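Structure record follows, encoded as structure tokens.
The structure displayed is predicted, hence computed values, not measured ones.
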Amino acid sequence: MPKRPAENPEQSDDFVSKSQKKREMAERQELGTQLVNLTDSQLAKMPLDDELRDAVLLARKIRNKHEGYRRQLQFIGKLMRLRDIAPIEQALNNLKNAHQQQTSIFHEIETTRDKLLHEGEDALQEFIEEHPHADRQKLRQLIRLAEKQRAEQKPPVAARQLFVYLRELLG
């Protein structure tokens, strides 16, 4: 009777190597670590069930106990393996994007303020055309005061006030 060739498990469609499983476990544990490092308000926005939320809160409490913290992170990773993590990943990405958007808006406001301070009347007229609800008189007053403070080498209080006013308008 001829011997049957042994099936190679790597050729089946649903085969997952041990290394791949370990990588996935490490990714889930890293996701859990990101959850532990969130602020309370950010964590409240995460779509977590009670068991996972309790595990994350416990990890926060024992953060300074090295071995206990490590084991708790492993436990969180284990809990993450038993759940669909797509909503959690999406919520984390939304948090990161929100921060990037805020930073982008902040830089846009800074650029606008600097343009108003350095390019004079043309920049002010262009800004007023783009934002007709802006108070032209207040803008001119803050710009003049900022120029005066810069000329006298005083702290840029008016430039800061201009930034705050622009943030109210644009933000």
Please determine whether side chain to side chain contact (heavy atoms under 4.5 Å, CB included) holds for the pair I109 and L169, giving the CA-CA distance in whole Å, both sets of side-chain angles, and the decisive distance to 0.1 Å. CA-CA 10 Å; I109 293 170; L169 287 174; over 6 Å; no
Approximate separation, where rounding is to 0.5 Å, of R113 CZ and T111 OG1: 9.0 Å
Angle class for the H133/H131 ring planes (parallel below 30°, perpendicular above 60°, tilted otherwise)? perpendicular
Exam field: side chain Q72 to backbone I62, donor-acceptor pair closer than 3.5 Å: no
If every non-hydrogen atom of I88 is compared with every non-hydrogen atom of P47, which pair is closest and at what distance? CG1-O, 3.9 Å
Applying a strict under-4.5 Å side-chain criterion to I, L, V, M, F, W and Y, I'd like to know whether I143 and V157 cluster together. no
Got a donor-acceptor contact below 3.5 angstrom from the Q42 side chain to the T39 backbone? yes
With rounding to the nearest 0.5 angstrom, report the CD to CD distance, Q125 to E130. 11.0 Å
Minimal non-hydrogen separation, L35 against L43, with atom names: O-CD1, 3.9 Å
Side-chain (R63) to main-chain (L58) donor-acceptor, under 3.5 angstrom: no
List the steps and the verdict of side-chain hydrogen bond (donor to acceptor under 3.5 Å, both in side chains) for N93 and E89. CA-CA 6 Å; N93 285 336; E89 288 175 328; over 6 Å; no
Going by an N to O cut-off under 4.0 Å, is there a salt bridge joining E121 and R140? yes
Do the side chain of Y165 and the main chain of A134 share a donor and acceptor less than 3.5 angstrom apart? no
Has the side chain of R28 got a donor or acceptor atom that lies under 3.5 Å from a matching backbone atom of M80? yes
Within the supplied structure, the quantity of interest is the number of heavy atoms (other residues, nucleotides, ligands) at a distance under 6.0 Å from D49 CG; does it exceed 12? yes
Do F127 and L170 pass the side chain to side chain contact (heavy atoms under 4.5 Å, CB included) test, and can you show the C-alpha distance, the side-chain angles, and the key distance before you say yes or no? CA-CA 11 Å; F127 182 80; L170 303 175; 4.3 Å; yes
Regarding N97 and Q101, is there a side-chain donor-to-acceptor distance under 3.5 Å anywhere? no
Are L95 and L57 linked, directly or through other ILVMFWY residues, by side chains that come within less than 4.5 angstrom of each other? yes
Can you give me the closest heavy-atom contact between L117 and R150, atom names plus distance? O-NH2, 4.1 Å
Is it the case that the side chain of Q149 and the backbone of A158 share a donor-acceptor pair, with hydrogens and angles ignored and the cut-off at 3.5 Å? yes
Decide side chain to side chain contact (heavy atoms under 4.5 Å, CB included) for L38 and L92; before the verdict, give the C-alpha distance in whole Å, the side-chain angles of both, and the deciding distance to 0.1 Å. CA-CA 9 Å; L38 293 176; L92 283 171; 3.9 Å; yes
When you look at V164 and R167, which way does the side chain to side chain contact (heavy atoms under 4.5 Å, CB included) test go after all the steps? CA-CA 5 Å; V164 169; R167 188 174 62 202; 4.1 Å; yes
Closest heavy-atom pair, Q29 versus L73, reported as atoms and distance to 0.1 Å, is CG-O, 3.5 Å
Could you tell me whether the side chain of K21 reaches within less than 4.5 Å of the side chain of K18, counting heavy atoms only? no
I'd like to know if the side chain of S104 and the backbone of Q100 have a donor-acceptor N/O pair within less than 3.5 Å. no
For I76 and A59, the nearest pair of non-hydrogen atoms, with its separation, is CD1-CB, 3.8 Å
I'd like to know whether E51 forms a salt bridge (Lys or Arg N to Asp or Glu O under 4.0 Å) with R83, so could you lay out the CA-CA distance, the side-chain angles of the two residues, the decisive distance to 0.1 Å, and finally the verdict. CA-CA 11 Å; E51 183 181 22; R83 288 163 175 76; 2.8 Å; yes
Could you tell me the separation between the CD1 atom of I128 and the CZ atom of R136, rounded to the nearest 0.5 Å? 5.0 Å
Taking atom NE2 as the centre, does H118 end up with more than 12 heavy-atom neighbours from other residues, nucleotides or ligands that are less than 6.0 angstrom away? yes
Check whether any side-chain N or O of R60 sits under 3.5 Å from a backbone N or O of V36 as a donor-acceptor pair, and report yes or no. yes
Enter the distance from K96:NZ to N94:CG here, rounded to the nearest 0.5 Å. 11.0 Å
Grab the two heavy atoms, one from R53 and one from A44, that are nearest each other, plus how far apart they are. NH1-CA, 4.0 Å
Salt bridge (Lys or Arg N to Asp or Glu O under 4.0 Å), that's the test. Do R144 and E147 meet it? Break it down for me. CA-CA 5 Å; R144 277 195 308 267; E147 289 170 352; over 6 Å; no
Between the side chains of Q74 and R71, is a donor N or O closer than 3.5 angstrom to an acceptor N or O? no
Do you reckon Y69 sits in the same ILVMFWY cluster as M25, going by side-chain contacts under 4.5 Å, direct or chained? no
Between OG on residue S17 and CZ on residue R23, distance to nearest 0.5 Å: 5.5 Å
Side chains of Q141 and Q137: any donor to acceptor distance under 3.5 Å? no
Could you measure the distance from the CZ atom of F163 to the CG atom of D114? Nearest 0.5 Å is fine. 10.0 Å
